[in-house]
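Below is one structure. I have some questions about it.
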Amino acid sequence: MDKLLKPYNSQDTEDRIYASWEQGGFFNPDVCIQKGYTASDADYFSIVLPPPNVTGTLHMGHAAMLAIEDIAVRYNRMCGKRTLWLPGTDHAAIATQSKVETILYKEEGKRRHDLGREELLKRVEKFAQDSHDTIVNQVRKMGSSIDWSREAFTLDEKRNLAVRTAFKKMFDDGLIYRGYRIVNWDPKGQTTISDDEIVYKESKTTLYTFRYSKDFPIAISTTRPETKVGDTGVAVNPSDERYKHLIGKEYDITFAGVPIHVKIVADEAADPAFGTGAVGVTPAHSQIDWQIAQRHKLPIVPVINEYAKMADSTGTLAGKKVTDARIEIVEWLKKEDLLEKEEDVAHNIATAERTGATVEPLPKLQWFINVNKEFTLPYSNITGIASGSVTTLKELMRAVINNGQIKIIPDRFEKIYFQWVDNLRDWCISRQIWYGHRIPVWYKGEEIFCGMEAPTGEGWVQDEDTLDTWFSSGLWTFSTLGWPDMNSADLKNFHPTSLMETGYDIIFFWVARMVLMTTYLLGEIPFKTVYLHGLVRDAKGQKMSKSLGNLIDPLEMIKKYGADATRMSLIIGTGPGNDMKLSEDKVRGYKNFANKIWNATRFVLENVKDCDYSQKPILTEGDEKAIAEFEITLKDVTADIDNYRYYLAGEKLYHYFWHTFADVYIEQSKSRLSADKNSTDHISVQWTLLYILENCIRALHPFIPFVTEELWAMLPTHNKKMLIVESWPVVR
RNA sequence: GGGCGGUUAGCUCAGUUGGUAGAGCGCAACAUUGACGUUGUUGAUGUCAGAGGUUCGAAUCCUCUACCGCCCACCA
């Protein structure tokens with residue numbers, strides 16, 4: 001009790017409280033049942049933590065995620081549910097490997113091939129382990145009531161079993177296939193990437209209009225003249241009168257010293273209104289051109305290689321950087337008087353999300369997931385898709401949102417989700433990096449084998465590639481619960497998960513992929529509700545970044561102001577789907593709030609020493625009214641939490657406690673407390689003070705768990721059960 | 001090009017089914033040996049982006065416009 005005399009000190013409190021929660025086993029739903037805190041037949045509430053990448057440390061966005069999820073978890077635990085929050089981390093394949101490669105090059109001047117697969121993997125694993133340890137510590141510091149006994153990693157053995165099982169099933173169903181086609185190639189990362197891993201950057205460039213040769217009848221336009229040495233066709237619209245007579249004609253040309261053969265074809269893809277209405281077709285360097293080439297059986301001539309240099313087939317240009325080749329070709333065009341027009345245009349350049357390199361479209365043999373292929377779904381718990389019916393992955397992804405089984409908050413993101421699904425092409429899942437789940441496919445000559453283990457017999461070689469990291473994270477909500485063991489107790493008890501709380505920036509990367517994998521593999525939804533939070537920005541609304549120097553480190557805030565204050569500052573003032581602004585002042589403000597609760601409690605405890613709380617006395621009319629007013633707030637707050645309006649719930653509690661309970665009720669209680677001790681008024685005010693305080697502390701607990709837990713132990717109103725497993729206050 | 005969101009007090013934002021505007025911070029004045037100065041009390045400030053419409057009544061619903069931000073596609 002002596003410590004109440006000083007201001008609240010979060011540093012002396014938080015670690016100690018967290019340790020006693022952990023020792024009590026309260027984070028583990030099984031222990032809660034064993035110890036009688038939760039009824040074994042109670043309803044369940046489960047969240048699987050979006051696994052942070054093991055690429056370093058947590059930032060404020062993670063802190064916000066942890067705060068929101070912990071509120072949901074603590075609230076539901078207090079409501080008596082069997083509550084599971086399952087932690088884990090993500091190996092984040094490309095992100096982690098490229099980070100380690102950068103360090104390797106900086107510190108030792110070495111590249112991945114200097115070390116070899118095994119040695120590089122050792123380095124990456126060491127780095128990942130260190131990051132993991134840092135992250136786990138940070139998650140604890142935030143006060144997350146998360147079940148560490150169930151911790152998972154997207155690249156551990158159990159998840160690897162899940163990945164191989166999923167891959168094999170999709171392979172056997174013909175949904176995973178190997179195909180030679182144009183993929184997004186990252187020349188810096190030396191790997192393919194998916195469409196979603198591309199970031200478009202706007203820049204100015206020149207659009208050149210020219211002819212291949214003096215004799216060629218049509219002028220074409222391009223922003224990439226160097227790729228034109230790989231042209232094998234010119235496409236015109238079949239309805240275009242200007243060029244009708246030329247369709248089918250073929251030309252042999254020496255273009256910038258490189259012999260090319262070009263056929264004029266009719267294709268709807270050519271827009272008569274754009275440029276000259278004719279498209280130079282470079283099958284090896286453009287998705288659309290590739291498709292045109294397929295339709296007209298045009299040959300494919302490589303132009304650019306894996307190192308973003310001109311390919312061997314480009315004659316005198318071979319081995320040159322694309323930018324140099326471009327200059328050379330433009331000069332040649334000018335010299336030959338073939339260039340008809342140069343104009344500045346705004347253009348989007350495709351860059352790789354992780355490495356920043358300019359992405360080159362290249363034809364490659366890769367593994368894909370077919371999102372449009374029909375298959376039979378043996379079991380389905382999806383409304384509108386019967387067990388045993390024929391469907392597609394795209395259809396499944398649409399169905400569960402359409403039929404309302406999954407609710408996205410805020411709902412405007414449902415539209416964005418559908419837009420993505422509609423535009424979705426086959427998902428390229430193979431990556432030419434070493435850190436990740438190895439593709440479970442083996443080759444022997446022409447033979448291909450896909451299985452859980454290597455095939456028996458001599459001469460089988462496993463595919464060198466690994467899987468896109470989102471393949472394994474797509475399985476996260478059920479691979480962490482024991483799948484593919486269908487008898488797993490966790491899977492039965494906690495799936496589908498209740499809530500998926502994550503950033504809106506990964507709705508496509510992750511949320512959609514989880515839906516794809518879960519509906520396909522389990523015939524189930526992965527989660528009932530998706531709550532999307534926004535980005536944490538600085539006080540001016542700028543993105544936080546190292547280069548801007550406006551990063552706010554969660555650990556530093558926790559150290560200075562406490563985890564409680566940090567959590568409150570990340571909750572209040574921001575609804576779902578909106579970016580949140582954060583400043584140190586805001587965090588400081590909520591530190592004051594923790595202290596306010598602390599001091600209000602001190603005042604109450606000092607003045608109710610002789611109160612018999614177990615016996616509710618007859619209350620004055622005013623006190624009954626005060627309690628009723630509190631209960632209105634409580635009801636409101638409960639409804640807000642039930643409807644995922646955590647920001648409103650937190651603000652209402654804050655406001656009620658400070659400006660109603662402390663400023664009004666406690667203030668007016670002062671004169672009453674100094675009156676006759678045995679008067680009914682005195683007894684009434686004492687009891688009411690304790691009653692409202694106790695229930696405020698309960699209600700505040702999910703938001704500011706540490707200070708409330710600390711104060712709870714000092715209240716004379718209860719037996720010695722910890723607040724974390726106490727019940728949420730109910731309106732009488 | 002397609003779509004989404006925003007525009008409310010100096011700043012950050014609430015405003016959950018339409019009933020003539022709220023909170024925090026900031027600002028100003030006052031109070032204070034009193035649970036807390038990490039405090040309290042009082043106060044000022046808004047043609048709710050603009051225009052039109054529906055309605056007895058609109059910040060709230062509809063249409064259009066402007067500006068800001070974001071997402072998707074990517075046209076050679």
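Here is the naming used below: chain letters follow the sequence lines, and residue numbers restart at 1 for every chain. Side chains included, hydrogens not; waters and symmetry mates left out as well; all remaining heavy atoms used.
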Subject >> Nucleotide nearest A/Lys581 (side chain, heavy atoms from C-beta), chosen from B/U12, B/A23, B/C4 >> reply: B/U12

Original post:
Is a salt bridge present between A/Glu340 and A/Arg211, judged by a nitrogen-to-oxygen distance below 4.0 Å?
Top reply: yes

Original post:
Which is true for A/Arg645 with a 4.0 Å heavy-atom rule: it touches a base, it touches only sugar-phosphate, or it touches nothing?
Top reply: base

**OP:** May I ask you to decide whether A/Glu241 forms a salt bridge with A/Lys244, counting only side-chain N to carboxylate O separations under 4.0 Å?
**Re:**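 So A/Glu241 pairs with A/Lys244 through a salt bridge.
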
**OP:** Taking only the side-chain nitrogens and oxygens of A/Tyr200, find out if one of them lies under 4.0 Å from OP1 or OP2 of B/A73.
**Re:**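 A/Tyr200 to B/A73 OP1/OP2: no side-chain N or O under 4.0 Å.
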
Subject >> Any donor-acceptor N/O pair under 3.5 Å between B/C74 base and A/Asn348 side chain >> reply: yes

**OP:** Searching all strands shown, indicate the nucleotide that pairs with B/A73 (Watson-Crick or G-U wobble; both distances under 3.5 Å).
**Re:** none

Original post:
OP1, OP2 of B/G15 versus side-chain N and O of A/Tyr647: anything below 4.0 Å?
Top reply: yes

Subject >> For B/C48, the Watson-Crick or wobble counterpart (both distances under 3.5 Å) >> reply: none

Subject >> Atom-to-atom span, CG of A/Leu532 to C1' of B/C70 - whole angstrom >> reply: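 After rounding, the reported distance stands at 14 Å.
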
Subject >> Candidates B/A23, B/C75, B/A35 - which lies nearest the side chain of A/Ile288 >> reply: B/C75

Subject >> Lys/Arg-Asp/Glu bridge criterion (N-O < 4.0 Å) met for A/Asp640, A/Lys635 >> reply: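 The answer is no: the pair does not qualify as a salt bridge.
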
Original post:
Taking the side chain of A/Ile666 as heavy atoms from C-beta outward, which of B/C75, B/A35, B/A73 is closest to it?
Top reply: B/A35

Subject >> Any-strand Watson-Crick or G-U partner of B/U20, both distances under 3.5 Å >> reply: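 Base partner found: none.
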
Subject >> Listed once per pair and sorted, the side chain to side chain donor-acceptor pair (under 3.5 Å) pairs that draw on residues 271-282 of chain A, sequence neighbours left out >> reply: A/Lys228-A/Thr282, A/Asp231-A/Thr282

**OP:** Check every strand shown and say whether A/Ala639 touches a base, only sugar-phosphate, or nothing at a heavy-atom separation below 4.0 Å.
**Re:** nothing

Subject >> Of the listed nucleotides B/C71, B/C36, B/A14, the one nearest the side chain of A/Arg602 >> reply: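 Closest of the options to the side chain of A/Arg602: B/C36.
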
Original post:
Using purine N1 to pyrimidine N3 plus N6-O4 or O6-N4 for Watson-Crick, or N1-O2 and O6-N3 for G-U wobble, each under 3.5 Å, what pairs with B/U7?
Top reply: B/A66

Original post:
When you compare B/C27 with B/U38, how far apart are their P atoms, in angstrom units rounded to a whole number?
Top reply: 15 Å

Subject >> Atom C1', compared across B/A9 and B/G5: separation rounded to whole Å >> reply: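 Per the computed distance, 23 Å lies between those C1' atoms.
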
Subject >> P atoms of B/U45 and B/G3, separation to the nearest Å >> reply: 43 Å

Subject >> Shortest side-chain distance from A/Phe508, nucleotide among B/C72, B/C4, B/A14 >> reply: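 Nucleotide nearest to A/Phe508's side chain: B/C72.
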
Original post:
Think A/Arg425 has a side-chain N or O under 4.0 angstrom from the OP1 or OP2 of B/C74?
Top reply: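 It does, given that an N or O in the side chain of A/Arg425 lies less than 4.0 Å from OP1 or OP2 of B/C74.
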
Original post:
Base, sugar-phosphate, or nothing: which does A/Ala350 touch, judged by heavy atoms less than 4.0 Å apart?
Top reply: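 Touches nothing.
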
Original post:
So what's B/A59 paired with, Watson-Crick or G-U wobble, going by both distances under 3.5 Å?
Top reply: none

Subject >> Residue pair A/Glu360 / A/Pro187, side-chain heavy-atom distance below 4.5 Å >> reply: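 When only atoms from C-beta onward are counted, A/Pro187 and A/Glu360 do touch, with a gap below 4.5 Å.
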
Original post:
Which value, in whole Å, describes the distance between the C1' atoms of nucleotides B/U33 and B/A28?
Top reply: 26 Å

Original post:
So, are A/Glu667 and A/Lys670 salt-bridged, with charged N and O less than 4.0 Å apart?
Top reply: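 Yes, this pair counts.
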
**OP:** Would you mind telling me which residue lines up with the more 5' stretch of RNA chain B, A/Gly575 or A/Gln419, judged by nearest nucleotide?
**Re:**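 Of the two residues, A/Gln419 wins.
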
Subject >> Any donor-acceptor pair under 3.5 Å from A/Arg645 side chain to A/Ile641 backbone >> reply: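 It does not hold such a pair.
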
Subject >> Pairing of A/Lys591 and A/Asp564 as salt bridge, 4.0 angstrom limit >> reply: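 No.
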
Subject >> Close side-chain approach of A/Val262 and A/Phe216, heavy atoms under 4.5 Å >> reply: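 Result yes, sub-4.5 Å side-chain heavy-atom pair found.
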
**OP:** Take atom C1' in B/U7 and the same atom in B/A59, then report the distance between them in whole Å.
**Re:** 11 Å

**OP:** Using a 4.0 Å heavy-atom cut-off across all strands, classify A/Lys586 as base, sugar-phosphate, or nothing.
**Re:**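 The answer is nothing, as A/Lys586 stays clear of every strand by at least 4.0 Å.
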
Subject >> Protein-nucleotide distance (A/Gln291, atom CD; B/C74, atom C1'), rounded to Å >> reply: 13 Å

Original post:
When rounded to the nearest Å, what value does the distance between C1' atoms of B/G15 and B/C75 take?
Top reply: 45 Å

Subject >> Results of salt bridge (charged side-chain N to carboxylate O under 4.0 Å, His left out) for A/Glu694 - residues two or more places apart only >> reply: A/Arg698

Original post:
What does A/Asp585 touch in the nucleic acid at a heavy-atom separation under 4.0 angstrom: a base, only the sugar-phosphate, or nothing?
Top reply: nothing

Subject >> Whole-Å P distance, B/G26 and B/C68 >> reply: 32 Å

**OP:** Side chain of A/Asp271 only, please: which of B/C75, B/A23, B/C71 is the nearest?
**Re:** B/C75

Original post:
How does protein contact run along nucleotides 38-43 of chain B, one letter per nucleotide 5' to 3', with B for base contact, S for sugar-phosphate only, - for none, heavy atoms under 4.0 Å?
Top reply: BSSS--

Original post:
Using purine N1 to pyrimidine N3 plus N6-O4 or O6-N4 for Watson-Crick, or N1-O2 and O6-N3 for G-U wobble, both under 3.5 Å, which nucleotide pairs with B/A28?
Top reply: B/U42

Original post:
What integer number of Å spans the C1' atoms of B/G18 and B/C62?
Top reply: 13 Å

Original post:
When the distance from CG of A/Asp422 to C1' of B/C74 is rounded to whole Å, what number comes out?
Top reply: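 Answer to the nearest Å: 17 Å.
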
